[in-house]
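Reviewing the structure listed below.
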Amino acid sequence: MYRIPRFTILAFLGFLIGTSAFAQPPRPSGTWRALPAAARPALRAAWPPAPDSSPYIRSMVDKVSSDSMLRTIQDLQDFGTRYEYAPQRDQAAEYLLERLRILGYQAESDWYVTGLTDLYDLAHAGSDSIWAVSLRGHILRSTDRGASWQLQLTLSDNEPLYGLDFLSASEGWACGYRGNLYGTKDGGTTWTKTEIAGAPHLWDIAALPNGVVLACGEKGGLYRKEKESELWQKIALNNTDAFWNLHVHDDEHVWLCSYYGALFFSSDHGRSWVPRLQNSSYRLNAVSFISATEGWVAGEDGLLLHTGDGGNSWQVLETNLSATDQPRDLIMTDRLHGRLIMVGGQILSTRDGGWRWEEEFSLLNLGWGPFLYRMERTQDGSWLACGSRGVLLIKTEGEEWSSRTEHLPESLIHLSRNIQAARKGVTAPEREVVMVAHYDSYSDDPLNYAPGANDNASGSSAVLEAARLGREYEFGATLRFLFVSGEELGMLGSTHYVLKAREEKREIAAAVNGDMIGYPLTGNPARLIAGSYLTRSRLIDSVLVYNTRYGIGATFDVEVDSTGASDYGPFAAAGYEALNFAEGSAREIWGGLDPYYHKPVDTIDKLSPDLIRKGGQIMLAAAAEVAGVVGPTAVAAPPLSAPEDFRLAQNYPNPFNATTRIDFRLPRPGRVALKIFDARGREVAVLLARQLGAGAHSVYWDASGEPSGTYFCRLVSDDWSGQIRLVLLR
């Protein structure tokens, strides 16, 4: 289970996930609103459930075995902490892949990419170049409209960069931590640092057409330099607010936005400024003008203002934004059209001058990320948006918003994967019922391990048990078994799955999530929580029926949760019916009722076999009822026997430069393929592809021609596969 307060380990993990000991920019707390019930995909299954029980479901429920589930839990526990950036997470993924294949499923890895740093601002220069800065001190450039990215600069101490702008294809500036500025006059080949003594953190920078450059930031910090000058002059405004955003319409029309409700205007290239708005109750984030007189200002709590007289008077627009909406950046292209990005990860558009906004895209942020920070419109009419965890989105004319995170430099991205298999439906295969659990684990103490027997080997064991029993029956809808990664970082894997499903317009009838179903918080081995996000799911009432119908005997407490702090959350945020089963509510667990949560003592001996079985039973019953069971499988394929002694050892040395040895063992003769893939899944080398005898084998990989980075070595034989991670360092 994801834990929202993670402050004890942020410094330790900062180098991995993009946090920093440096000052972080203010992050207004965005709140994501689930789609209204009317907008959710319709459920075709009967609701409430049919009065008669299914003998097939009863048979499956009765066969749920605590011994089988405990075997899975023990196996996953033996990997140790399955944290997202640890090799044990990859090893656990391979284990689940193998278990599903042994059961006869066409199991597969669904790879996805997340960023290792936050991208905080964007700029374009000329017709092709797009630039970005990160909170880890990177300046990046794309010369092919975002299809690929190159690192132009990495600051030695990784100090954060917050603002970026270009005057031309060759001349640009970046600003950031403690008033540090970086300038280039040769298209980013070289950058020169300027330190403004005593300056605060600078949040934004803007170049005027005449070559004047302005930078603004904390504590009323506003600085200006003339074209061809290296001297920055402080502009005093008698205001100590945080200056958040600069907007340049032309040399004589420049706007400065204060977070605490003030808006200033300059008509003389930024030398002097006059206030055009002062309201301390406002929290302003962005300003956009389409002419010398007409503009808009966006702020927190759904605030949107409009002026038609150059800011002398302002009208508060009564929009369809709510008080929980947190606008972060705004670009209007004409009197009617524009886009607004929200801290919580939504991109909205208007066609009536800002009165009504429609959602174009959502990151399914449940309150803790990823966030969106800035957007940019290029000369060719393309739109870009950037945010935390390397979020980089692009929209071209006639196309939907799509991610470009996977195209960032390899050193700035992390490759992960979900494991999935499906029992395809026979009457309505286009409908999906998803059984989901996360297989990663996490420790509150970075110096110790958390083997995660409960969190979350217990939920994973329930999904695998359903896969074991489900192979004996045919279902009306497709029953999907999904093991997701990255839950402990904030539902990364399940969010990836849901966004992909939404993009492909797949019909998800229900999602049934299992998270921590092993430890009886109150001492009652029959007590479970049935929860849904923000509103009470219709599935909950049905589950109470199934509990009695199939003699499961669980004691249910029903919860409508506001955190979404498990993998049912992204499904619910996208408008799908979703249900969570757990030993307790998020607040009970965070409050300490589970003394083993995220600790080295989260081991199998603490778990209740009875509670684990009940959790597995109710998850299977709920999924099978929604999917509908047609009958027993006509011809059941026998499960494959587990390999006795297949082994793919970790390469040595690792990391390596530039040759490494890979050892593996085969218990019997067979055809073997041993291949190397880069972090984006591209095949870079075939080390073996032939028949081999039983026994131990060694292969050397000479990576002299490959760049530094992370690689994966995959061994595939007739009925087994394995994978290891290799790190090439030069």
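FYI, the numbering just counts along the sequence from 1.
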Going by the rule salt bridge (Lys or Arg N to Asp or Glu O under 4.0 Å), which residues pair with E84 if we only count those two or more places apart in sequence or in a different chain? R89
Before accepting this row, confirm whether a basic side-chain N of the pair E487/R82 lies closer than 4.0 Å to the acidic partner's carboxylate O. no
How far apart are the closest heavy atoms of S68 and R468, and which atoms are they? OG-NE, 3.5 Å
Atom CD of residue position E504 - does it have more than 12 heavy atoms of other residues, nucleotides or ligands inside 6.0 Å? yes
Ignoring hydrogens and geometry, is there a side-chain-to-backbone donor-acceptor pair from Y550 to S54 under 3.5 Å? yes
Filter on salt bridge (charged side-chain N to carboxylate O under 4.0 Å, His left out), then keep only pairs touching residues 582-597, sequence neighbours left out; what's left? R527-E588
With a 4.5 Å limit on heavy-atom distance, are the side chains of N456 and I517 in contact? no
Please answer whether the main-chain N or O of Y83 pairs with a side-chain N or O of Q88 as donor and acceptor at a distance below 3.5 Å. no
My understanding is that only one of Q617, E465, E472 makes a side-chain hydrogen bond (donor to acceptor under 3.5 Å, both in side chains) with K63; could you say which? E472
Mark yes or no for whether T478, through its side chain, and G425, through its backbone, hold a donor-acceptor pair below 3.5 Å. yes
Donor + acceptor pair across side chains of Y95, D75 (<3.5 Å): yes
In sequence, state the C-alpha distance, the side-chain angles, and the governing distance for V626 and L539, and then conclude on side chain to side chain contact (heavy atoms under 4.5 Å, CB included). CA-CA 9 Å; V626 178; L539 284 168; 3.7 Å; yes
Is the backbone of W111 close enough, under 3.5 Å, to the side chain of S109 for a donor and an acceptor to pair up by distance? no
Under a 3.5 Å threshold, yes or no: a donor from one side chain and an acceptor from the other, between D610 and S608? no
Let's go through L364 and V498 carefully: what are the C-alpha distance in whole Å and the side-chain angles of both, what is the deciding distance for side chain to side chain contact (heavy atoms under 4.5 Å, CB included) to 0.1 Å, and is it a yes or a no? CA-CA 9 Å; L364 304 180; V498 173; 3.4 Å; yes
When you measure from the side chain of S461 to the backbone of I73, do you find a donor-acceptor pair of N or O atoms at a distance under 3.5 Å? no
Salt bridge R549-E625, side-chain N to carboxylate O under 4.0 Å: yes
Is it true that H496 and N418 share a donor-acceptor pair across their side chains at a distance under 3.5 Å? no
Verdict with supporting geometry, E488 and D455, side chain to side chain contact (heavy atoms under 4.5 Å, CB included): CA-CA 10 Å; E488 297 291 0; D455 187 16; 3.1 Å; yes
Indicate the atoms forming the closest heavy-atom contact of A578 with S532, along with that distance. O-CB, 3.8 Å
Classify the ring geometry between Y533 and Y568 as parallel (under 30°), tilted (30 to 60°) or perpendicular (over 60°). perpendicular
From L715 CG over to W720 CH2, what is the distance, rounded to the nearest 0.5 angstrom? 5.5 Å
Under a 3.5 Å cutoff, is there a donor and acceptor pairing between the side chains of D602 and Y519? no
How would you list, by chain and number, every residue that makes a salt bridge (Lys or Arg N to Asp or Glu O under 4.0 Å) with K606, sequence neighbours excluded? none
Just checking Y449: does its OH atom have more than 12 heavy atoms from other residues, nucleotides or ligands closer to it than 6.0 angstrom? no
Salt bridge check: are D110 and K500 linked by an N-O gap of less than 4.0 Å? yes
Establish, from distance only, whether the side-chain atoms of D118 and Y373 form a donor-acceptor pair under 3.5 Å. yes
Can you measure from CD1 (I529) to CG (L579) and round to the nearest 0.5 angstrom? 11.5 Å
Ring geometry between Y56 and Y473 (parallel below 30°, tilted from 30 to 60°, perpendicular above 60°): tilted
Determine, step by step, whether E98 and R101 satisfy the salt bridge (Lys or Arg N to Asp or Glu O under 4.0 Å) criterion, reporting the C-alpha distance in whole Å, the side-chain angles of both residues, the deciding distance to 0.1 Å, and the verdict. CA-CA 5 Å; E98 180 187 349; R101 288 171 175 168; over 6 Å; no
Taking atom types as modelled, is there a side-chain donor on Y596 or T603 under 3.5 Å from an acceptor on the other? no
Where is the tightest heavy-atom contact between D440 and G486, given as atom of each residue plus distance? OD2-N, 3.4 Å
Minimal heavy-atom distance between P451 and P600, with the atoms involved, is CD-O, 3.4 Å
Is a side-chain donor or acceptor of N158 paired with a backbone partner of R136 at a separation under 3.5 angstrom? yes
CG-CZ distance between L648 and F664, expressed to the nearest 0.5 angstrom: 8.0 Å
Spacing of N365 atom CG and L372 atom CG [to the nearest 0.5 Å]: 8.5 Å
If only side-chain N and O atoms count, and only distance matters, is there a donor-acceptor pair under 3.5 Å linking S66 with R613? no
I724 and N651: side chain to side chain contact (heavy atoms under 4.5 Å, CB included), yes or no, with the steps? CA-CA 8 Å; I724 56 174; N651 63 303; 4.1 Å; yes
Heavy-atom donor-acceptor pair, S460 side chain to H438 backbone, under 3.5 Å: yes
N-O pairing of R71 and D67 below 4.0 Å: no
Within the distance-only criterion (no hydrogens, no angle test), does the side chain of D90 pair as donor or acceptor with the backbone N or O of R725 below 3.5 angstrom? no
How about Y497 and R480: does a side-chain donor come under 3.5 Å of a side-chain acceptor? yes
So does V727 get a backbone contact from the side chain of T710, meaning a donor-acceptor N/O pair under 3.5 Å? no
Check whether S416 reaches the backbone of S485 with its side chain - one donor and one acceptor, N or O, closer than 3.5 Å. no
Check E94 with R714, please: is the shortest side-chain N to carboxylate O separation under 4.0 Å? yes
Could you grab the distance from atom CG of N454 to atom CE of M516, nearest 0.5 Å is fine? 4.5 Å
